[in-house]
S.K.: 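Could you have a look at this structure, given as structure tokens, before my questions?
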Amino acid sequence: MIDVFQVDAILPQTQCGQCGYRQCLKYAEAILNGEKINRCPPGGDAGIQRLAALLNRPILPLDESCGIHKAFETALIEIEYCIGCKKCIDVCPTDAVIGVHRQLHIVDPEMCNGCGLCVTACPVDCISMIKAGTERTSAMSTKFRLLFQQKNQRNARRAEEKEKTLREQSSSIAKKAFLSSLRKTLK
């Protein structure tokens, strides 16, 4: 029996959402539930053929309503125009964009999965996609999946820590309010 991880392993791990799903793993789940195998522009015809072989389904042409297949690209930030807004950092699924708020950012091409989400997020249009000079490999997709998982785990930890801090602050404020009202009552 084919599992979701076998299907996910074929997908390019761009997490770009062009297929209609926010993550490659979600698209893999949908494929196993009957979704068409031709909705991944970054995977292109080669990805469709590999999915068809794995799932014993017919090969379909790429659904161009999802986008067109392009050679593997990487993001490039024109640093003279970067305002340091951090929007590209927030949307990057692999932490390929490096920088801090209100300072210029750069892209580590070794970590860039070519999703293009940063281009859409940039309010000053200083990011463009350029040919990576190499083809995407399954080893790269594996690396991109790991980077994406690491970012999600880190974000989940941060959210838990923030929630814990807010609960502690709220509890402290409530205790102070209670003690204050108790003091007033005892006077």
Side-chain angles (χ1 to χ4, degrees), residues 8-28 38-48 50 61-166 169:
D8 187 49
I10 293 173
L11 299 174
Q13 302 306 310
T14 57
Q15 319 303 338
C16 63
Q18 292 182 70
C19 62
Y21 298 88
R22 194 164 181 266
Q23 302 173 11
C24 294
L25 184 62
K26 297 295 182 190
Y27 179 45
N38 65 337
R39 299 184 54 81
C40 179
D45 291 337
I48 294 168
R50 289 179 62 209
L62 178 64
D63 180 348
E64 291 188 357
S65 71
C66 298
I68 59 169
H69 178 72
K70 299 176 188 172
F72 181 45
E73 297 178 318
T74 188
L76 176 69
I77 298 176
E78 296 177 49
I79 58 175
E80 61 271 14
Y81 301 111
C82 178
I83 60 172
C85 69
K86 200 174 152 275
K87 291 182 180 192
C88 53
I89 289 175
D90 294 339
V91 299
C92 181
T94 59
D95 284 333
V97 183
I98 302 165
V100 294
H101 188 60
R102 296 196 177 132
Q103 293 185 17
L104 68 92
H105 300 94
I106 60 168
V107 175
D108 180 343
E110 293 295 315
M111 294 175 66
C112 181
N113 67 6
C115 67
L117 294 172
C118 56
V119 174
T120 308
C122 181
V124 295
D125 200 25
C126 72
I127 305 173
S128 56
M129 300 302 291
I130 60 169
K131 288 189 177 163
T134 184
E135 287 300 314
R136 185 187 313 270
T137 65
S138 60
M140 293 166 88
S141 294
T142 299
K143 176 177 76 173
F144 297 146
R145 180 184 307 103
L146 178 63
L147 291 169
F148 177 65
Q149 291 168 345
Q150 288 171 341
K151 180 173 184 172
N152 284 342
Q153 289 168 354
R154 188 176 57 259
N155 286 344
R157 267 193 322 273
R158 286 179 181 161
E160 287 175 22
E161 290 168 2
K162 184 176 182 179
E163 180 65 30
K164 181 182 175 188
T165 300
L166 290 173
Q169 289 173 345

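Here, residue 1 is the first one in the sequence, and each next residue gets the next number. These figures come from a predicted structure and were not determined experimentally. Worth knowing before you read on, the calculation uses all heavy atoms, side chains too, and leaves out hydrogens, waters and symmetry mates.
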S.K.: Please report the closest heavy-atom contact between Q15 and Q13, naming both atoms and the distance.
M.R.: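 Scanning both residues, the minimum pair turns out to be NE2-OE1, 3.0 Å.
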
S.K.: Would you say that I79 contacts I106 through its side chain, given a criterion of any heavy-atom pair below 4.5 Å between the two side chains?
M.R.: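 Result yes, sub-4.5 Å side-chain heavy-atom pair found.
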
S.K.: Which heavy atom in I89 sits nearest to a heavy atom in G99, and how many Å separate them?
M.R.: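 Taking I89 first and G99 second, the nearest heavy atoms are CD1-O, 3.2 Å.
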
S.K.: CZ of R154: more than 12 outside heavy atoms within 6.0 angstrom?
M.R.: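 Counting neighbours around CZ of R154, more than 12 heavy atoms of other residues, nucleotides or ligands fall under 6.0 Å, so yes.
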
S.K.: Counting only heavy atoms not in K151, do more than 12 fall under 6.0 Å of its NZ?
M.R.: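 Yes, because the 6.0 Å sphere around NZ of K151 holds more than 12 heavy atoms from other groups.
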
S.K.: Would you compute the distance between atom CD1 of I77 and atom CD1 of I98 and round it to the nearest 0.5 angstrom?
M.R.: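 These two atoms lie 9.5 Å from each other.
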
S.K.: How close do P93 and C115 get, heavy atom to heavy atom, and via which atoms?
M.R.: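 Scanning both residues completely, I find the closest heavy atoms to be CD-SG, 3.7 Å.
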
S.K.: Would you say T165 and K162 make side-chain contact, with heavy atoms under 4.5 Å?
M.R.: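 No; the side chains remain at least 4.5 Å from each other.
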
S.K.: Nearest 0.5 Å, what's the OH-SG distance between Y81 and C122?
M.R.: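 It is 12.5 Å, given to the nearest 0.5 Å.
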
S.K.: Is there side-chain contact between M129 and L76, with heavy atoms separated by less than 4.5 Å?
M.R.: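 With C-beta onward as the side chain, the pair stays apart.
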
S.K.: If you count heavy atoms of other groups shown closer than 6.0 angstrom to CD of E80, is the number above 12?
M.R.: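 Result for CD/E80: enclosed.
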
S.K.: Search all heavy atoms of V107 against all heavy atoms of C112 and return the closest pair with its distance.
M.R.: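 So the two residues come closest at CG1-CB, 3.9 Å.
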
S.K.: Counting N and O atoms only, with roles assigned by atom type, does the side chain of R136 sit under 3.5 Å from a partner on the main chain of N113, one being a donor and the other an acceptor?
M.R.: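 Yes; judged by distance alone, with no hydrogens or angles, the pair exists.
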
S.K.: What's the separation between atom CD in E161 and atom CZ in R158, rounded to the nearest 0.5 Å?
M.R.: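 So the gap between those two atoms works out to 8.5 Å.
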
S.K.: To the nearest 0.5 Å, what is the distance between CZ (R102) and NZ (K86)?
M.R.: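 Answer for the CZ-NZ pair, R102 versus K86, is 11.5 Å.
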
S.K.: Using every non-hydrogen atom in the two residues, find where C16 and P42 come nearest and quote the distance to one decimal.
M.R.: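 Closest approach of C16 to P42: SG-CG, 3.9 Å.
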
S.K.: Does any N or O in the side chain of H69 come within less than 3.5 Å of the main-chain N or O of P41, such that one atom is a donor and the other an acceptor?
M.R.: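 Present.
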
S.K.: From T94 OG1 over to F148 CZ, what is the distance, rounded to the nearest 0.5 angstrom?
M.R.: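 With rounding to 0.5 Å, OG1 (T94) is 10.0 Å from CZ (F148).
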
S.K.: Under 4.5 Å between any side-chain heavy atoms of C118 and C92, yes or no?
M.R.: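 The answer is no, as the side chains (C-beta and beyond) never meet within the 4.5 Å cut-off.
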
S.K.: So do D95 and L147 actually touch side chain to side chain, heavy atoms under 4.5 Å?
M.R.: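 They are not in side-chain contact.
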
S.K.: From M140 CE over to T14 OG1, what is the distance, rounded to the nearest 0.5 angstrom?
M.R.: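 One finds 12.0 Å between CE of M140 and OG1 of T14.
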
S.K.: In the structure I gave you, are the side-chain heavy atoms of Y27 and L11 within less than 4.5 Å of one another anywhere?
M.R.: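 Sidechains of L11 and Y27: in contact.
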
S.K.: Examine distances only and state if a side-chain atom of N38 and a backbone atom of P61 form a donor-acceptor pair shorter than 3.5 Å.
M.R.: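 Judged by distance alone, yes, a pair lies under 3.5 Å.
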
S.K.: Which heavy-atom pair separates I10 from G47 by the least distance, and what is that distance?
M.R.: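 Looking at all heavy atoms of both residues, the closest pair is CG2-O, 3.9 Å.
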
S.K.: With side chains defined as the heavy atoms from C-beta onward, is the minimum distance between C40 and Q18 less than 4.5 Å?
M.R.: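 The answer is no, as the side chains (C-beta and beyond) never meet within the 4.5 Å cut-off.
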
S.K.: Are D8 and C24 close enough that some pair of their side-chain heavy atoms sits under 4.5 Å apart?
M.R.: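 Of all side-chain heavy-atom pairs linking C24 with D8, at least one is under 4.5 Å.
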
